[in-house]
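See below for the structure under consideration.
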Amino acid sequence: MSLLLSVLEQGLIYAILALGVYITFKILDFPDMTVDSSFPLGAAVTALMIQGGLSPLLTLPASLLAGAVAGALTGVIHVRFHVRDLLAGIIVMTGLYSVNLHVAGRANVQLFSFDTLFKNAFVSALPAAVQPYAPVLILALIVLAVKLLMDAYLATRSGFLLRATGDNETLVATLAKDAGRVKILGLSLANALVALSGCIMCQYQRYFDISMGTGTLVLAVASVIVGTQLLRGMRFLRATTAVVLGSILYKGCVALALSLGLSPFDLKLVTAALLLIIIIAGGHSRRRGKRHA
Amino acid sequence: MLELKNIVKIYQGGTVNETCLFDGFSLSIPENQFVCVVGSNGSGKTSLLNIICGSVPIDEGQILVGGENITRMPEHRRHERIGRVYQDPARGTCPSMTILENMSMADNKGKPFNLLPCVNRKKTEEYRAMLAQLGLGLEDKMGVRVGNLSGGQRQAMALLMSTMTPIEFLILDEHTAALDPKTAEIIMQLTGRIVAQKKLTTIMVTHNLRYAVEYGDRVLMMHQGKTVFDRAGEEKRGVTTETLLGLFNEISVECGN
Ligand SMILES: Nc1ncnc2c1ncn2[C@@H]1O[C@H](COP(=O)(O)OP(=O)(O)OP(=O)(O)O)[C@@H](O)[C@H]1O
Ligand SMILES: [Mg+2]
């Protein structure tokens, strides 16, 4: 039971990450390496603020903002200075590593003695029977809010332009809009969500670790792909819902493998193999052809 | 008035493959003129349109619209007053969006793309009526993703989408090439109607000499980056497909084939 709860909790936290990466990876078709550093960036900002005695609620907008700036930076480097997408992300990812250390102050920060989103006066006031479920409820609420906001955004004119940019940049120019600016906006939104996910993870595990971002992108991409595979079978699902489910499902598979005796040493290897199998089976192996006519 | 002055365009400059397509090319198109452009493959028709729309940079020369120098204006800004249909049917629509979504997006051109909803359900009937003119049955497929349509269907939609909002110029690059003869006829008539109704300054590239003769009030023939034939107004009315065909043959004889 507690295993199930922790799978759900972590799956939900990573769902926010996956929703962010869905924007870059799926909608914009942009392999954004920034993610591996913007996730810990959100966590570092959070560690700093919580240690400073600020309300855990304030960490949410702060980490969103920090992530947005990181994403916009990658966007500007790619769009304005014509650096290739992968490289632009790697440059920002590398630079942010130092920024994260500066923000957090140390490579490890423990937050056990501070109030967080999950441990505060409000949660302690809840009836004892509900308390074990408080984290999962809080997380479900946040994920639901993010998902609904994202659905709403994708139906706006700005959201349409974002989808069009990933689909057919030429059309965006014909509509008299600058596809470059749309990309910067999309990267910014995506990394805002990624940092938010890092912020929540930091409060959930109650420590910040500089290496907590390693492999974030792969994890998120795996969740997105599992989610979109689900979508093929169940067309009534919205893509965002599918991504959330994909994240939980993916986390569940990993937990299952570990509980069946998979050594943590082999975890990454198995993850990589699994991802490869899903990608090949799902026909995601080639990047969507960009047209140059 | 659209003016191209002494345009020089060099492709792959600085490499062994350097080719100078336009060398001092000039052209001026008065307001509301409908120009048909014909010419052999590789004669520079698409390049000419790309230069006008800012899709490719030029090496020398000036582009003026109504006296205003737009040589340095970025592509997307120029499209504020240009509607365009590309030679490649995949470029005029968004494949992952439905017909309704594509039409709605095109309908919002010229407005800010902000946080207002993009699709206005009230307009669905209006869009259906527009699509019905095409005679392709698209009006009953509003919820179908455009990626699932045929190239010709997409190209027909692209024409509608490019002319939905107020524009001054219409740029068409072989927009009927992907269509079957009957649909091509319908789309050409529709093009003629739209151009007349909206009083658009139009440049239409076509390989169909009959369309070049029947439509528009000026015909240009291009060859190796130069205009080799140019008739407007009264003189244009005297041009027949035979004239154009004869010219084509003359040119290819000169080139030694
Ligand atoms: N991006 C490019 N790089 C190098 N050469 C190019 C490029 N675009 C066009 N060209 C060359 O310029 C010439 C004119 O090409 P363009 O596409 O304008 O021809 P076109 O008249 O539209 O032909 P078609 O009737 O086949 O569409 C060709 O020789 C082509 O190889
Ligand atoms: Mg062409």
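Remember, predicted model here, so these are calculated numbers, not experimental data. Protein chains get the first letters and strands the later ones, always in sequence-line order, with residue 1 at the start of each.
Annotation: side chain of L175(A) is in contact with side chain of M105(B) (closest heavy-atom distance under 4.5 Å). Contact check for T174(A) versus Y86(B): side-chain heavy atoms found under the 4.5 Å cut-off. Residues K177(A) and K109(B) have side chains not in contact (no heavy-atom distance under 4.5 Å, counting atoms from C-beta outward). In this structure the side chain of F113(B) never reaches within 4.5 angstrom of the side chain of V182(A), judged on heavy atoms.
A155(A) touches chain B through its backbone: at least one of N, CA, C or O sits under 4.5 Å from a heavy atom, while the side chain does not. For T165(B), no part lies under 4.5 angstrom from a heavy atom of chain A. Both the backbone and the side chain of E101(B) come within contact range of chain A, each with at least one heavy atom under 4.5 Å from a heavy atom of that chain.
Ranked by heavy-atom pairs under 4.5 Å with chain A, the first of C53(B), A106(B), P112(B) is P112(B).
Remark: C118(B) SG to L154(A) CG distance equals 11.5 Å, nearest 0.5 Å. A distance of 7.0 Å separates CG in N102(B) from CG in L171(A), rounded to the nearest 0.5 Å. Note that the CZ atom of R163(A) and the CE atom of M97(B) stand 4.5 Å from one another [nearest 0.5 Å]. E169(A) contributes atom CD, which lies 12.5 Å from atom NE2 of H76(B) (distance to the nearest 0.5 angstrom).
Between the side chains of S158(A) and N114(B), no donor-acceptor pair of N or O atoms lies under 3.5 Å.
Each of D167(A), V172(A), T165(A) was compared with C94(B) under the side-chain contact (heavy atoms from CB on, under 4.5 Å) criterion, and only D167(A) meets it.
A side-chain donor-acceptor contact under 3.5 Å links N168(A) to the backbone of A90(B).
Few gaps surround NZ on K111(B); more than 12 heavy atoms of other groups in view lie less than 6.0 Å from it. Heavy-atom neighbours of R77(B) CZ from other residues, nucleotides or ligands within 6.0 Å: at or below the threshold of 12. Other residues, nucleotides and ligands place more than 12 heavy atoms under 6.0 Å from the CZ atom of R80(A).
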